[in-house]
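Accompanying notes for the structure given below.
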Amino acid sequence: MTLKRVLIIEEDRLLGNFYREHVENAGFIVETARSGDAGLKALSERRPDAVVIDPITPGLEAPRVVESIRGDAATRTLPIIGLPVARAPLAEAVHRAGASRVLSRTINSPAELVDAIQAALGRERTALLAKSLPLQPDPSWSRMCFAGAAETFQGLRHSLHGALRETGKSKPLRELLQGVHGFTEEMALFGERPLFQFAAALEALVYDLNRFPDQANASTLRTLGQAIDFFAVILSEEHRSRIEDPGTAQILVVDDEDGARKIVMAAMSLVNLRSISADCPNAALAALNTQPFDLIFLDVGMPEMNGFELCTRLRTVATHEKTPVVFLTGMATFQNRVQSSLSGANDLVGKPFSVSELGLKALIWVFKGQLGLLQ
């Protein structure tokens with residue numbers, strides 16, 4: 001029996017090798033390519049029986065790759081399978097371009113991929129992996145994943161510096177998205193939920209900025225820098241074993257504007273954090289004296305007392321002497337940053353809000369609280 005050929009287009013070398021190993025173990029010959037352009041070249045040279053593509057590829061974008069394949073009479077009916085991706089619009093774009101199927105992220109995406117290839121090529125499914133059990137990566141693969149993290153973060157910082165230099169330009173943000181996406185998928189396969197949740201929140205913000213480059217302002221780019229630097233910290237063996245699922249954390253949102261409170265609480269919900277709100281400083285003080293919180297978002301301009309005064313007051317409450325406080329303000333000026341620090345706050349986010357920025361910012365401070373890394 002002639003073995004079938006599968007082409008995997010995946011920029012992340014670690015992920016590409018990981019998927020290749022599982023597909024080869026299922027009895028296929030596997031070729032890999034690390035960009036859309038390289039994938040099309042390999043397609044013409046190798047003539048595979050099926051193509052697997054990551055919805056985020058460098059060079060020629062994945063939907064254009066799929067359209068090119070469908071536009072060629074020789075490959076019009078070729079099975080094309082999209083790898084899992086966190087952002088639904090990316091998966092939809094690849095599907096609209098003509099992909100046969102785009103996988104959803106599951107507890108065992110390599111098994112799903114093997115099944116999809118077997119089904120597309122009419123082969124009997126071999127049930128190589130038990131789908132009822134979470135994937136347990138080989139320890140050597142996990143070591144490679146963490147060993148390569150330093151290089152990954154160096155690349156992310158380089159792309160972020162490009163975005164800082166060329167505010168509003170799409171190329172550096174796309175490079176940043178590619179790097180973050182690959183790392184997020186590695187965390188998904190590794191199976192550490194807090195790490196994956198943090199990576200997914202980082203990817204969400206980069207994805208939003210990639211779609212709307214004009215939103216890449218000083219506040220959002222500063223949050224990206226914080227997240228990348230902090231991720232490098234929590235991946236150390238010392239901290240990795242100590243971070244916990246943040247789903248039990250409780251967030252307090254203090255703002256006199258109803259719409260602003262709803263936006264912040266929606267952002268918390270998107271990253272699986274629980275929150276309650278207070279519409280004035282006195283209501284906030286009452287809540288602070290009733291229960292402990294893991295993070296507090298404070299508006300600056302409020303009646304009764306401003307956010308700076310409230311922050312000074314809450315630091316006198318025994319249970320909130322070190323609780324992380326993040327200010328929300330429409331004037332993220334140097335003066336306000338200094339004043340927020342003097343009042344005892346930890347950080348500041350500028351309005352108008354980016355929902356994905358708020359979610360990522362919250363996870364940074366919740367995890368810092370868990371690890372005792374508050375300043």
Side-chain angles (χ1 to χ4, degrees), residues 12-15 17-18 86 105 107 134-161 176 179-206 221-251 268 271-274 292-296 319-326 341 344-347 356-375:
D12 187 281
R13 191 186 303 274
L14 197 61
L15 281 173
N17 290 339
F18 187 77
R105 183 180 283 118
I107 59 173
L135 180 68
Q136 296 294 327
D138 184 273
S140 62
W141 186 87
S142 300
R143 285 194 297 271
M144 284 191 295
C145 177
F146 291 115
E151 182 179 350
T152 296
F153 289 125
Q154 183 177 358
L156 295 181
R157 291 187 185 99
H158 177 77
S159 298
L160 179 59
H161 290 158
L176 187 59
V180 171
H181 166 69
F183 191 71
T184 302
E185 296 309 305
E186 289 177 14
M187 293 299 99
L189 291 176
F190 184 68
E192 293 282 351
R193 181 173 174 80
L195 293 178
F196 167 67
Q197 189 170 345
F198 191 71
L202 175 57
E203 183 181 355
L205 178 55
V206 178
L221 293 177
R222 179 172 175 270
T223 298
L224 284 179
Q226 280 183 319
I228 291 170
D229 289 343
F230 183 58
F231 220 141
V233 172
I234 62 175
L235 278 186
S236 69
E237 188 171 348
E238 174 191 0
H239 294 125
R240 195 169 69 235
S241 60
R242 293 171 51 211
I243 61 171
E244 303 172 356
D245 188 333
T248 58
Q250 185 71 62
I251 317 300
M268 298 304 99
V271 291
N272 300 312
L273 293 172
R274 298 181 300 170
F293 291 93
D294 300 277
L295 172 64
I296 302 167
T319 53
H320 293 95
E321 288 179 323
K322 295 184 178 181
T323 302
V325 174
V326 177
S341 180
N346 302 82
D347 210 339
S356 51
E357 181 188 8
L358 290 173
L360 180 58
K361 184 77 79 174
L363 288 177
I364 290 173
W365 287 107
V366 168
F367 283 138
K368 281 189 174 185
Q370 288 182 1
L371 297 173
L373 299 177
L374 302 175
Q375 296 177 349

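Residue indices begin at 1 and follow the sequence shown. Given the structure is predicted, the values throughout are model-derived calculations rather than measurements.
Leu224 places a side-chain heavy atom less than 4.5 Å from the side chain of Leu176. Side-chain atoms of Pro246 and Leu273, non-hydrogen and from C-beta on, do get closer than 4.5 Å to each other.
Note: Asp294 CG to Trp365 CH2 = 14.0 Å, rounded to the nearest 0.5 Å. Here CD of Glu238 is found 8.5 Å from CG of Leu371. Values are rounded to the nearest 0.5 Å. Atom CG of Leu202 sits about 5.5 Å away from atom CG of Leu360, to the nearest 0.5 Å. Taken to the nearest 0.5 Å, the NE2 atom of His239 stands 10.0 Å off from the CD1 atom of Ile234. Within the model, atoms CG of Leu363 and CG of Leu358 stand 11.0 Å from one another, a figure rounded to the nearest 0.5 Å. The structure places OG1 of Thr184 at 4.0 Å from CD of Glu203, a figure rounded to the nearest 0.5 Å.
Annotation for Gln370 and Asp245: closest pair NE2-O, 4.2 Å, computed over non-hydrogen atoms. Closest non-hydrogen pair, Pro324 versus Leu374, comes out as CG-CD2, 3.5 Å. Between Phe230 and Ile364, the shortest heavy-atom distance links the atoms CE2-O, 3.8 Å. Between Phe183 and Asp12, the closest heavy-atom pair is N-OD2, 4.5 Å. Between Glu357 and Leu205 the shortest heavy-atom distance is N-CD1, 3.8 Å. When every heavy atom of Val271 is checked against every heavy atom of Ala201, the shortest pair comes out as CG1-CB, 4.1 Å.
For Ser356, the side-chain hydrogen bond (donor to acceptor under 3.5 Å, both in side chains) partners are Asp208, Ser354, not counting sequence neighbours. Gln226 is linked by a side-chain hydrogen bond (donor to acceptor under 3.5 Å, both in side chains) to Asp347, Lys361, counting only residues two or more places apart in sequence or in another chain. Applying the side-chain hydrogen bond (donor to acceptor under 3.5 Å, both in side chains) criterion to Asp229, with sequence neighbours excluded, gives Arg157.
A donor-acceptor pair under 3.5 Å links the side-chain atoms of Arg240 to the main chain of Leu235, judged by distance alone. In this structure a side-chain-to-backbone donor-acceptor pair under 3.5 Å is present from His320 to Phe293.
Within a 6.0 Å radius of CZ in Arg242, more than 12 heavy atoms belonging to other residues, nucleotides or ligands are found.
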